[in-house]
Amino acid sequence: QVQLVESGGGLVHDGDSLRLSCVASGLTFSSYGMGWFRQAPGKEREFVATITGSGGISAGITIYADSVKGRFTISRDNAKNTVILQMNSLRPDDTAVYYCAASARNNYLRFQYAYNYWGQGTQVTVSS
């Protein structure tokens with residue numbers, strides 16, 4: 001049974017940093033593309049960042065949404081089955097539930113349909 005468990009969310013102030021973690025189990029983690037998405041109240045879930053796995057053409061490629069580029073960094077530790085989202089210079093419009101997801105296909109990773117498994121989400125709230 002595949003499980004993705006996010007942690008690290010919380011309440012912070014404008015300009016602060018947070019580090020989200022997602023631990024995966026029940027899958028060959030290193031081969032999966034991993035992504036972070038978020039959903040703000042009243043809005044659709046949107047892409048944040050992704051990192052490819054060894055199952056694709058090239059592992060470790062990162063892609064970011066324009067809204068977070070230069071502020072957020074996605075990384076992975078295959079030995080620990082963990083994907084990290086380091087979020088710096090947080091803004092109130094980053095407030096959302098953040099979801100971790102795993103993709104066996106390793107392409108089209110900006111799109112939710114590419115992902116096979118999803119975590120339960122962790123709340124990030126940024127106050128002004």
Side-chain angles (χ1 to χ4, degrees):
Q1 180 183 359
V2 175
Q3 282 192 314
L4 303 177
V5 181
E6 303 99 333
S7 62
L11 172 63
V12 296
H13 293 103
D14 192 352
D16 285 351
S17 298
L18 273 178
R19 181 180 173 93
L20 303 184
S21 297
C22 171
V23 179
S25 59
L27 50 71
T28 306
F29 179 78
S30 62
S31 69
Y32 276 71
M34 299 299 296
W36 287 96
F37 290 76
R38 67 186 181 185
Q39 187 168 19
K43 295 187 176 181
E44 298 288 321
R45 189 160 57 184
E46 64 176 6
F47 168 74
V48 175
T50 187
I51 184 166
T52 57
S54 62
I57 295 174
S58 184
I61 295 173
T62 58
I63 304 171
Y64 297 93
D66 288 345
S67 59
V68 306
K69 204 171 292 184
R71 299 188 299 122
F72 291 11
T73 303
I74 188 171
S75 60
R76 64 190 302 157
D77 183 342
N78 291 333
K80 296 182 179 179
N81 283 11
T82 299
V83 60
I84 301 292
L85 186 68
Q86 178 66 44
M87 306 187 295
N88 298 330
S89 303
L90 282 161
R91 310 185 301 220
D93 62 358
D94 293 316
T95 295
V97 177
Y98 283 71
Y99 296 91
C100 169
S103 169
R105 61 186 300 172
N106 272 286
N107 56 16
Y108 300 103
L109 293 178
R110 286 180 174 269
F111 303 102
Q112 296 181 54
Y113 67 74
Y115 293 84
N116 308 91
Y117 306 105
W118 293 82
Q120 82 289 348
T122 185
Q123 176 70 48
V124 171
T125 303
V126 184
S127 64
S128 57

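This structure is a prediction, so every number in the text was calculated from the model and none was measured.
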Who pairs with Ser103 by side-chain hydrogen bond (donor to acceptor under 3.5 Å, both in side chains), at least two apart in sequence or on another chain?
none
Does Arg91 have any salt bridge (charged side-chain N to carboxylate O under 4.0 Å, His left out) partners at least two apart in sequence or in another chain, and if so, which?
Asp93
Testing the basics here: between His13 and Ser127, what is the closest heavy-atom pair and its distance to 0.1 Å?
CD2-OG, 3.0 Å
Tell me every residue that passes side chain to side chain contact (heavy atoms under 4.5 Å, CB included) with Ser25, counting only those two or more places apart in sequence or in another chain.
Gln3
Is a side-chain N or O of Asn106 found less than 3.5 angstrom from the main chain of Gly53, in a donor-acceptor match?
yes
Output all residues satisfying ring pair (Phe, Tyr, Trp, His ring centres under 6.0 Å) with Phe47, sequence neighbours left out; order by chain, then residue number.
Phe37
Residues in side-chain hydrogen bond (donor to acceptor under 3.5 Å, both in side chains) with Asn88, at least two apart?
Ser17, Gln86
Restricting to ring pair (Phe, Tyr, Trp, His ring centres under 6.0 Å), what partner residues turn up for Tyr108, sequence neighbours left out?
none
Looking at CZ of Arg105 and OH of Tyr113, how far apart are the two atoms once the value is rounded to the nearest 0.5 Å?
5.5 Å
Those residues at least two apart in sequence (or on a different chain) that pass side-chain hydrogen bond (donor to acceptor under 3.5 Å, both in side chains) with Asp94 are Arg38, Arg71
With sequence neighbours left out, what residues match Thr125 under side chain to side chain contact (heavy atoms under 4.5 Å, CB included)?
Leu11, Thr95, Gln123
For Thr52 and Ser58, indicate whether the former's side chain and the latter's backbone hold a donor-acceptor pair under 3.5 Å.
yes
Please find the pair of heavy atoms, one from Gly33 and one from Leu109, that lie closest to each other, and give the distance.
CA-CD1, 4.3 Å
Linking Ile, Leu, Val, Met, Phe, Trp and Tyr through side-chain heavy atoms less than 4.5 Å apart, which residues share a cluster with Val68?
Val2, Leu4, Val12, Leu18, Leu20, Leu27, Phe29, Tyr32, Met34, Trp36, Val48, Ile51, Tyr64, Phe72, Ile74, Val83, Leu85, Met87, Leu90, Tyr98, Tyr117, Val124, Val126
For the side chain of Glu6 and the backbone of Thr122, is there at least one donor-acceptor N/O pair under 3.5 Å apart?
no
List for me each residue that meets side chain to side chain contact (heavy atoms under 4.5 Å, CB included) alongside Gln39, sequence neighbours excluded, and say none if there are none.
Arg45, Tyr99
Please check if the side chain of Ser21 supplies one atom and the backbone of Ile84 the other of a donor-acceptor pair under 3.5 Å.
no
Residues passing the side-chain hydrogen bond (donor to acceptor under 3.5 Å, both in side chains) test with Lys43, sequence neighbours excluded, are none
With Thr28 via side chain to side chain contact (heavy atoms under 4.5 Å, CB included) - residues at least two apart
Ser30, Ser31
